[in-house]
Protein chains: 2
Amino acid sequence: MPAARHVPQRLAAAPATRPLPQGWEEIRAEVLARIHARHWLPGALIPTEEALAQEFGCARATVSRALRELAESGVLERRRKAGTRVALHPARRATVAIPVTRLEVEGRGQTYGFHLLEQGLMVAPVPVTAQLGLAPATPLLHLRTLHLADGRPFLYEDRWLNPAVLPAPLPDFTAISANEWLVGHVPYTTGDIAFSAANATVDEAAILGLRTGTALFITDRTTWTWDAPVTAVRLAYAPGYRLHTLV
Amino acid sequence: MPAARHVPQRLAAAPATRPLPQGWEEIRAEVLARIHARHWLPGALIPTEEALAQEFGCARATVSRALRELAESGVLERRRKAGTRVALHPARRATVAIPVTRLEVEGRGQTYGFHLLEQGLMVAPVPVTAQLGLAPATPLLHLRTLHLADGRPFLYEDRWLNPAVLPAPLPDFTAISANEWLVGHVPYTTGDIAFSAANATVDEAAILGLRTGTALFITDRTTWTWDAPVTAVRLAYAPGYRLHTLV
DNA sequence: GAGTGGTCTAGACCACGTT
DNA sequence: ACGTGGTCTAGACCACTCC
């Protein structure tokens, strides 16, 4: 909880108000409450940081922190000079965690395992090189891995690695999954992730032990380190997988 | 860009270093660069805020902002007294935007439309009431809506609304979609979202104009206002839909 | 030009968790 | 107990953008 020292009293006190919000978290809650109470309507301008700071008897920076968080979660829209508005079309933002597969499995209390199905340097299909922004004929390291939970197929991973940007001694990918080695050895800075659904192909069904056509949850990820592409990977999850938002 | 005034010069200047990072964004980039250069290894302690502030010649609050952002995105792990470490198992966090369906369609340059397929007050299935934390026999408002893009099926929405918490004059849901009315009239404070894949049922296939068994991208959302449940909704997207992360 | 948010500073107190 | 991050303050300058 925030400190309550040095609290300047409002001179123009509203009669019998509830206690002032303390700290940026309570201010954020208070603003949300006013929006929810339809005291501040969608699209409406809310008071300036300075006005709110005066009302709450705190520094402007504290109000700023609260409003910034709300703007980052899509509740408010802020522009200099124009002020702060309640979002009219709240494209709410949600955060998802993308853990290493081993931890994802172990987090469910299951035993993790994996099989490297294929490994080889080869020319990638054009969609892959295009996605990575590489010349069409660039040879890439292709790894296909089946991840297991309690010995049962959990996730089929089809990965292309750019050998040009990998640190020198490549590991034995039958001993450590590419997934896990990468996060420890190529901390990435940017990436793009897309989620979708697809019917299992004949190959995917065979690998995952499913009937052809089973609906699979798909994650496509492209990873970059500064400006060099590192890896493009497609993850196909066995049925039952659900990706949850945080909090 | 941040201000560069009042920059205290480092007394113990390292010889011929590159210019100091200016502002919290550049500091964040510098920290990321050191991690990426494997100067700071996964699991390792990095200097304290105070030490970095001294090194960069800025206030501690500026370093704090940069490190906080990195912690929020999963790159660093911070604990009081224990200090700040490079995340050993970086469960990277990604943010997705959840817009109103109409805007999602219009954002693709397509024309939006919808049909209300069913509307009625009825006892919800047990999984739904359980998900909302309501008594099993609670009557809920059930809405089934088909959203269209350029006249073609885009999204099938199966929604349960808690009438007890809705503002008094309910709209004509054939004129405004529940999706859109809710965001304008019941700003929510919390919610849980899960993404998954499922084969289209016979009904879903008929509604969306697909073959039974087609893989659908599913979003399940539960929404609360403070502590009262508002709505539980299942969205089934027509094939081709991809959910992208921001940035 | 002027108003608003965005950032920075220097200092301070506090909460938490390791020791 | 003590070190580290978390937060707050009061003031300042700046960037952006609307008028």
Side-chain angles (χ1 to χ4, degrees), chain A residues 1-11 19-31 40 43-87, chain B residues 1-11 19-31 40 43-87:
Chain A
M1 283 301 108
R5 73 210 161 291
H6 233 242
V7 177
Q9 288 305 324
R10 289 168 69 202
L11 294 184
L20 294 174
Q22 302 284 331
W24 71 267
E25 285 176 312
E26 289 188 24
I27 291 177
R28 180 183 58 182
E30 172 67 20
V31 170
W40 291 341
L45 266 181
I46 74 171
T48 65
E49 289 187 350
E50 184 143 6
L52 288 174
Q54 224 165 3
E55 176 185 351
F56 296 146
C58 68
R60 183 167 77 94
T62 306
V63 173
S64 189
R65 172 81 187 268
L67 298 187
R68 171 161 37 89
E69 300 266 335
L70 288 169
E72 280 170 4
S73 64
V75 173
L76 298 178
E77 289 171 0
R78 321 193 70 193
R79 287 207 318 280
R80 289 161 145 125
K81 167 74 179 178
T84 300
R85 291 180 182 277
V86 180
Chain B
M1 281 300 109
R5 74 210 161 289
H6 234 241
V7 178
Q9 288 303 324
R10 289 168 66 199
L11 294 183
L20 294 175
Q22 302 283 334
W24 71 267
E25 286 177 311
E26 288 187 25
I27 291 177
R28 179 183 59 182
E30 172 66 21
V31 170
W40 291 341
L45 266 181
I46 74 171
T48 65
E49 290 187 349
E50 183 142 6
L52 289 174
Q54 223 163 6
E55 176 184 352
F56 296 146
C58 68
R60 183 166 78 93
T62 306
V63 173
S64 190
R65 172 81 188 268
L67 298 187
R68 170 160 40 88
E69 300 267 336
L70 288 170
E72 280 170 3
S73 63
V75 173
L76 298 177
E77 289 171 1
R78 321 194 70 193
R79 288 205 319 278
R80 288 160 143 124
K81 167 73 179 177
T84 300
R85 291 178 182 279
V86 180

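Within every chain, numbering begins at 1; the chains are lettered A, B, ... in the order of the sequence lines, protein sequences first and strands thereafter. Everything numeric here is computed off the predicted structure, so don't read it as measured data.
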In whole Å, I'd like the distance from the [atom1] atom of [X] to the [atom2] atom of [N].
X: A:L45; N: C:dT4; atom1: CG; atom2: C1'; result: 11 Å
X: B:I27; N: C:dC8; atom1: CD1; atom2: C1'; result: 10 Å
X: A:Q54; N: D:dA10; atom1: CD; atom2: P; result: 12 Å
X: A:W24; N: D:dG5; atom1: CH2; atom2: C1'; result: 14 Å
X: B:E50; N: C:dG11; atom1: CD; atom2: P; result: 11 Å
X: A:F56; N: D:dT9; atom1: CZ; atom2: C1'; result: 17 Å
X: A:E25; N: C:dC14; atom1: CD; atom2: C1'; result: 14 Å
X: B:R78; N: C:dA15; atom1: CZ; atom2: P; result: 18 Å

Exercise. Between D:dG5 and B:T84, is there an OP1 or OP2 to side-chain N/O distance shorter than 4.0 Å?
Worked result: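 It does, given that an N or O in the side chain of B:T84 lies less than 4.0 Å from OP1 or OP2 of D:dG5.
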Among residues at least two apart in sequence or on other chains, which ones pass side chain to side chain contact (heavy atoms under 4.5 Å, CB included) with [X]?
X: B:E49; answer: B:R60, B:V63, B:S64, B:L67, B:R78
X: B:A87; answer: B:E77, B:P90
X: B:A51; answer: B:P47, B:T48

Exercise. What's the spacing between B:L20 CG and B:E55 CD if we round to 0.5 Å?
Worked result: 8.0 Å
For this session: Would you give the length of the straight line joining atom OG1 of A:T62 to atom CD of A:E26, rounded to the nearest 0.5 angstrom?
Result: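 Reported value, rounded in 0.5 Å steps: 12.0 Å.
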Problem set entry | Residue that, paired with A:L70, satisfies side chain to side chain contact (heavy atoms under 4.5 Å, CB included) out of A:L76, A:T84, A:I27 |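 Of A:L76, A:T84, A:I27, side chain to side chain contact (heavy atoms under 4.5 Å, CB included) with A:L70 is met by A:L76 alone.
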Exercise. Heavy-atom count around B:E72 CD within 6.0 Å, excluding the residue itself: above 12?
Worked result: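 Result for CD/B:E72: enclosed.
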Exercise. Considering only heavy atoms, which members of residues 60-70 of chain B lie under 4.0 Å from some atom of DNA chain D?
Worked result: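 Per residue number, the list reads B:R60, B:S64.
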Expected rows: protein N/O vs nucleotides 17-19 of chain D N/O, under 3.5 Å:
residue, atom, partner, partner atom, Å
D:dC18, OP1, A:R79, NE, 3.0
D:dC18, OP1, A:R79, NH2, 3.0

Problem set entry | Residue list, side chain to side chain donor-acceptor pair (under 3.5 Å) with B:R65, at least two apart or on another chain |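 Checked B:R65 against side chain to side chain donor-acceptor pair (under 3.5 Å); matches are B:E69.
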Exercise. If you take all heavy atoms of A:A66 and A:R28, which pair is closest and at what distance?
Worked result: CB-N, 3.7 Å
Exercise. Given that both pair distances must be under 3.5 Å and the pair must be Watson-Crick or G-U, what runs of three or more consecutive pairs involve DNA chain C?
Worked result: C:1-18 with D:1-18
